Amino acid sequence: GPLEEMSLPLFFGWFLLSSVQDKVRCTSMDFLKTLDTLEVFKKHLSDFTGKAEKEVDLEQYFQAKGTLHCTTKFCDYGKAPGAKEYAQNTTVKEFYGSAFELSLSALFVTPRTVGARVSLTEEQLLLWPADPEEEAGSTSLPRGSRAHITLGCAEHVEPVQTGLDLLEIETLQQEHQQGEPIEEMELGSLTYYGEGRWLLTLREPICTPACFSSFYG
Ligand code: ACK
């Protein structure tokens, strides 16, 4: 019945503490601001605007999407395949409400989304479902490749896109399409993967405390 369905959340994931959310948002804003000013970004501006001459303010271009988190399992209140099994998993139950330290190892921007790549530890991978990479058609990437934090979405873009954009970039990396090394920035090294896809590998990963929990909405 409907009550039973309600007992499963929209999704499980790690939720960043509110104090560090601000810090991560600031870092992301700084990155967008800097990227916006680079000549090489302006050269590829048409990826974002469709018109070469138009300007784009990246800080305005992306809209924030709720509280910062890294989704483990999208359950859709029980309608998603494997939702019930995930919720009943003993590791999931054991760690529910526990604190973790997430490592954000890169920031990425596409014409659709801006996000942070999360590098999961072996322990964190115990909470990672079996299938999210495969569901997205990326069968040859290591488990956990989809782990990310959505920092913003372009107009009319849903946050589910952020993980798909990350997988796309990682697939290019895996195919040894090294990307075009652009330059060393204060935060790390910037690479361009074509079609408006930018990856900033952080020199120092951002470590942030996060609580493993769920969101009902
Ligand atoms: O930014 P996200 O990881 O992308 O966090 C939100 C969260 O669930 C609530 O919408 C993610 N999400 C939405 N649909 C899916 C899906 N089909 N597969 C995986 N994650 C999803 C979204």
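Numbers here are sequence positions counted from 1. Both ligands and their constituent atoms are indexed starting at 1 by order of listing. Predicted model, so just to flag it, every value in this text is computed and none were measured.
For Glu158, no heavy-atom contact with ligand 1 is shorter than 4.0 Å. Contacts between Lys73 and ligand 1 below 4.0 angstrom, taking non-hydrogen atoms only, are absent altogether.
Environment of CD in Glu186: sparse, with no more than 12 heavy atoms of neighbouring residues, nucleotides or ligands closer than 6.0 Å.
Interface atoms of ligand 1 facing His148, defined by a heavy-atom separation under 4.0 Å, are 1 (O), 2 (P), 3 (O). For ligand 1, the atoms closer than 4.0 angstrom to any heavy atom of Phe11 are 7 (C), 9 (C).
Atom 10 (O) of ligand 1 has its closest protein heavy atom at Phe74 CE1, 4.1 Å. Among all non-hydrogen protein atoms, the one lying nearest atom 3 (O) of ligand 1 is Thr71 OG1, 2.7 Å. Among protein heavy atoms, atom 18 (N) of ligand 1 sits closest to Arg146 NH2, 3.6 Å. Of all protein heavy atoms, the one closest to atom 1 (O) of ligand 1 is Thr150 OG1, 2.4 Å.
The other members of the hydrophobic cluster of Leu167, by chain and number, are Leu141 (side-chain heavy atoms under 4.5 Å, ILVMFWY only).
Under a 4.0 Å N-O distance rule, the pair Asp165/Arg197 does not qualify as a salt bridge. A salt bridge links Arg203 with Glu184; the closest basic N to acidic carboxylate O contact falls under 4.0 Å.
Defined by atom type and a distance below 3.5 Å, a donor-acceptor pair is missing between the side-chain atoms of Glu101 and Trp14. Donor-acceptor pairing under 3.5 Å is lacking for the side chains of Tyr61 and Asp36. At a cut-off of 3.5 Å, with distance as the only test, no side-chain donor of Ser46 or His44 sits close to an acceptor on the other residue.
At least one heavy atom of His69 sits less than 4.0 Å from an atom of ligand 1.
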